[in-house]
**Student:** 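First the structure, which I've put down as structure tokens, then a few questions once you've had a look.
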Amino acid sequence: MSNKPNINVKVQQPQKQQIKLGFSAGNVKLKIAVMSGKGGVGKSLITAALAVGFALRGLKVGVLDADIYGPTIPKLLGLAGSSLYYDDKRDVIIPATGPLNIKVVSIDFLLPSEDSAVVWRGVLVSKAIEDFLSKTDWGDLDVMMIDLPPGTGDAPLTIAQALSGQLTGSIIVSAPGDVSGRIVKKAIDFSRKVKVPVIGVIENMCCFTCPDTGKTYYVFGEPEGKRMAEEANVSFLGEIPLDPRISEANNAGVPFLLKYPDIEASRKLMTVIDSLMGRFKDELSGQTKREIRLMKLPGEEESSGNEEDK
Ligand SMILES: Nc1ncnc2c1ncn2[C@@H]1O[C@H](COP(=O)(O)OP(=O)(O)OP(=O)(O)O)[C@@H](O)[C@H]1O
């Protein structure tokens, strides 16, 4: 039996209309889903790090941990053991608050223990996600990061469909083992099929940064993420090295960007943040970008591929 107080994620009567209104009423400027073609590539770590990176640049940030079968965002943001609260007067869920005032909602907060497994079927999962979106008091946010379940199977599909039409775009996280194969392309294809424009690819664990010397070694060979992104006609956002200090910070529940701001991984992550902030400056300043996108350069009409991703 759960010992978490006052939690009531209602999964009984989802009403699409209310859900969409509820999400947009919160005034969230950017809603970015983080996906991966397979598990274990560091998708959650990158989601949490991007959230911290945006917050370090002064933005108001929320994280929806929609990796419902393997929720790890609370641990990565030092919120393990925290709770969500339900304000029954206002009928809203109050998110937990992490470092730099990052608001976090995760199914993990509702589980009785760290070892509990979520065994819900798809329909209940999508209803829970809809409730998390529509009934959470997110307040005004500049950026909401959404950690999707890994892969391209039923779980991410169910959740991506629940979010359909509401997202700014997706960031695909890859790791060296899968860039040589079809996995990144599959994730890009998945994102497009669920009508979420691909913002770009981040290659995690591209290489190894030695903490003693600061030298970086490409132990898996030349990184291929950039080439794969180009082939799929999406932006390559950057590569993040493997660094034992990242795991050490994770285990301590402190975001590595805060614990080790000067390591190569932190510098590279902040470069990704700055390029995203440049790319979405209109959205972040409250202007729409759609009009600007319509102004095509001569000849651009003929270019094939997926212009909406760029
Ligand atoms: N660049 C890195 N350097 C060191 N450790 C890393 C790095 N990236 C990820 N890790 C570690 O790898 C493990 C897996 O990361 P994470 O949980 O983020 O993967 P994931 O893709 O979200 O997995 P899944 O979605 O399958 O649950 C974690 O222990 C994390 O701390």
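We count ligands from 1, going down the list as the structure has it; atoms in each ligand are counted the same way. For the numbers below, each heavy atom of this structure counts, side chains included, while hydrogens, waters and symmetry mates do not.
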**Student:** Could you tell me the separation between the OH atom of Tyr69 and the CD1 atom of Ile107, rounded to the nearest 0.5 Å?
**Tutor:**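 Here the rounded value is 10.0 Å.
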**Student:** With rounding to the nearest 0.5 angstrom, report the CD to CZ distance, Glu203 to Phe220.
**Tutor:**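 Going from the CD atom of Glu203 to the CZ atom of Phe220 covers 10.0 Å.
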**Student:** Under a 3.5 Å threshold, I'd like every N/O contact between ligand 1 and protein atoms, with atom names and distance.
**Tutor:**
residue  : atom   : partner : partner atom : Å
ligand 1 : 1 (N)  : Asn204  : OD1          : 3.1
ligand 1 : 1 (N)  : Pro241  : O            : 2.9
ligand 1 : 3 (N)  : Asp243  : N            : 3.1
ligand 1 : 5 (N)  : Ser247  : OG           : 3.2
ligand 1 : 8 (N)  : Asn204  : ND2          : 2.9
ligand 1 : 18 (O) : Ser44   : N            : 3.3
ligand 1 : 18 (O) : Leu45   : N            : 2.8
ligand 1 : 19 (O) : Gly42   : N            : 3.1
ligand 1 : 21 (O) : Gly40   : N            : 3.3
ligand 1 : 21 (O) : Val41   : N            : 3.0
ligand 1 : 21 (O) : Gly42   : N            : 2.9
ligand 1 : 21 (O) : Lys43   : N            : 2.9
ligand 1 : 22 (O) : Lys43   : N            : 3.4
ligand 1 : 22 (O) : Ser44   : N            : 2.8
ligand 1 : 22 (O) : Ser44   : OG           : 2.8
ligand 1 : 23 (O) : Gly40   : N            : 3.2
ligand 1 : 25 (O) : Lys43   : NZ           : 3.2
ligand 1 : 25 (O) : Asp67   : OD2          : 3.4
ligand 1 : 26 (O) : Gly40   : N            : 2.9
ligand 1 : 31 (O) : Asn250  : ND2          : 2.4

**Student:** Any salt bridge (charged side-chain N to carboxylate O under 4.0 Å, His left out) involving residues 45-61? Give me the pairs, sequence neighbours left out, ordered by first then second residue.
**Tutor:**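 Every salt bridge (charged side-chain N to carboxylate O under 4.0 Å, His left out) pair that includes a residue of residues 45-61, provided the two are not neighbours, is Arg57-Asp274.
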**Student:** Who are the salt bridge (charged side-chain N to carboxylate O under 4.0 Å, His left out) partners of Asp65, not counting sequence neighbours?
**Tutor:**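 Per chain and number, Asp65 pairs via salt bridge (charged side-chain N to carboxylate O under 4.0 Å, His left out) with no residue.
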**Student:** Could you tell me whether the side chains of Thr209 and Asp243 share a donor-acceptor contact shorter than 3.5 Å?
**Tutor:**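 Looking only at side-chain atoms, Asp243 and Thr209 do not form any donor-acceptor pair under 3.5 Å.
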**Student:** Only counting residues at least two apart or in another chain, list the ones meeting side chain to side chain donor-acceptor pair (under 3.5 Å) with Ser170.
**Tutor:**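 Applying side chain to side chain donor-acceptor pair (under 3.5 Å) to Ser170 gives Ser191.
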